[in-house]
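To keep things clear, I will list the structure first and then write my remarks on it.
Quick note on labels: first sequence line is chain A, next is B, and so on, each numbered from 1.
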Amino acid sequence: MITPKKDTPAFSFDECLGCLDITTPKEFSFTEALTHLSRSSLECMHYIENGKVFKLIEIDGDQILIEISEKESATIQVRFVDGKSRNDAVCEKITGYVTEWFDLQTDLVPFYRMAKNDFLLSKLAKDFYGLRIVGIPDLFEALCWAVMGQQVNLRFAYTLKKRFVESFGQQVQWNGRQYWSFPKPSDISAISVDELRKLQFTSKKAEYILGIAKLMGSGELSKESLMLLNDFKAAEQKLLSIRGIGPWTAHYVLMRCLRDATAFPIGDAGLQNALKQLLDRAQKPALEEIRQLFDPWKGWEAYAVFYLWRSLGSPSTKSSSTKK
DNA sequence: TTCCAGGACATTT
DNA sequence: AAATGTCATGGA
């Protein structure tokens, strides 16, 4: 069985303020998490304002709008926007959610030890210190997002997600703003390809997502069942057996949802472009070279990829790149 | 205009 | 088994 580290950080609940403090590891940067979450203005699954993230999460069937901000060093604060208090059991679940979302359970010390003297990673580890793999805890969301991202530019992928969520998800209004929850498999399994075609999904993307919704709706596929498998390799095989899920999608989901630190979407175009830029090459490195580059990073492939992706959005590493 | 983007699958050689 | 075509849109 794949056992996630269950060393939940300490939390304290202040009943009066309707808040929850979560202690974060030393190697955690809330700013880096915010940078990641701010990638697209079309993002519909959370809202960011003044260094605070607003997100609708579901606990025991209840939708709770939370606001997360950095309180002081090594502490982030979760505020319940409705001001109501929650009991300890719910607080624990919220803490668990945030911990998983922000990847607070991973010990990054070995990663940084490894990266410290690496010719490529040392700079990235320094520049983006505290960056963790921001997760997509919901398996259906992770799979749908990965399918939407297949072979289209990221902006269009966000457009598709926004249309999808606003068509089939649930919303909560607060202070004149809408907060969305991702559609459930059961919301999607019965719709038709045409309904997704209207949102400008390709027929294939529509079929893939309907197929995944049916598998998850029937219980044939679930995050829990994947985590019950012997290892991530078995989870990968299960994912690859599903129509529409190829190597890239499988590894992307292993990385963002199942938290496999060895997940390695080697064919990823963004990864190849990041390496091309960092190595100052005229062309993207070949797959075999990428494999060799990653060889010293065994066990931390997913983190290496995430830091390389991060480098693409960084002004500090941006150079006057010419195309192709 | 052309190329290809955080791919996967079907079809053709 | 490996190369090639297809999907849809958008940005450079």
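Side-chain nitrogen and oxygen atoms of A:Lys284 include at least one within less than 4.0 Å of the OP1 or OP2 phosphate oxygen of B:dA5. Remark: A:Thr202 is not in phosphate contact with C:dC7, judged by side-chain N or O atoms under 4.0 Å from OP1 or OP2. For A:Gln200, no side-chain nitrogen or oxygen approaches OP1 or OP2 of C:dA8 to under 4.0 Å.
The separation between A:Ile209 atom CD1 and C:dC7 atom C1' is 14 Å, rounded to whole Å. Between A:Asn273 atom CG and C:dA12 atom C1' there is a gap of 13 Å when expressed in whole angstrom units. The CG atom of A:Asn153 sits 16 Å away from the C1' atom of B:dT2 (whole-angstrom rounding). The distance from atom CZ of A:Arg197 to atom P of C:dT9 is 7 Å, rounded to the nearest whole Å.
Ionic pairing of A:Glu195 and A:Arg163 is not present here: no N-O contact between side-chain nitrogen and carboxylate oxygen is shorter than 4.0 angstrom. Salt-bridge check for A:Arg281 with A:Glu289: passed, with a basic side-chain N closer than 4.0 Å to an acidic carboxylate O.
Side-chain rings of A:Phe164 and A:Tyr158 stay apart, their centers remaining 6.0 Å or farther from each other. Outside the 6.0 Å centre-distance limit, the rings of A:Phe168 and A:Phe182 are not counted as a close aromatic pair.
Nucleotides C:dA8 and B:dT11 place their P atoms 15 Å apart, quoted to the nearest Å. Here, B:dC3 and C:dT4 have their P atoms 15 Å apart, quoted to the whole Å. Taking atom P on both B:dG6 and C:dA12, the two are 11 Å apart, rounded to the nearest angstrom.
When the options A:Val134, A:Thr31, A:Ile133 are evaluated for a side-chain contact (heavy atoms from CB on, under 4.5 Å) with A:His36, the one that passes is A:Val134. Considering A:Glu236, A:Glu301, A:Arg256 in turn, A:Glu236 is the only one that fulfils the side chain to side chain donor-acceptor pair (under 3.5 Å) rule with A:His251. A:Val253 pairs in a side-chain contact (heavy atoms from CB on, under 4.5 Å) with only one of the listed residues (A:Ile136, A:Val147, A:Leu143), which is A:Leu143.
Contacts between residues 155-163 of chain A and DNA chain C, defined by a heavy-atom separation under 4.0 Å, are made by A:Arg155, A:Phe156.
The cationic atom of A:Arg243 (NZ for Lys, CZ for Arg) does not lie both less than 6.0 Å from the six-membered ring centre of A:Tyr208 and within 45° of the ring axis. For the pair A:Lys55 and A:Trp180, the NZ or CZ position fails the cation-pi test of under 6.0 Å to the six-membered ring centre and within 45 degrees of the ring normal.
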Close N or O pairs between protein and nucleotides 7-9 of chain B (under 3.5 Å):
residue : atom : partner  : partner atom : Å
B:dG7   : OP2  : A:Gln151 : N            : 3.3
B:dG7   : O5'  : A:Gln151 : N            : 3.3
B:dG7   : N7   : A:Gln151 : OE1          : 3.2
B:dA8   : OP1  : A:Gly246 : N            : 3.0
B:dA8   : OP1  : A:Gly246 : O            : 3.2
B:dA8   : OP1  : A:Trp248 : N            : 3.4
B:dA8   : OP1  : A:Thr249 : N            : 2.8
B:dA8   : OP1  : A:Thr249 : OG1          : 2.7
B:dA8   : OP2  : A:Trp248 : N            : 3.3
B:dC9   : OP1  : A:Gly244 : N            : 2.3

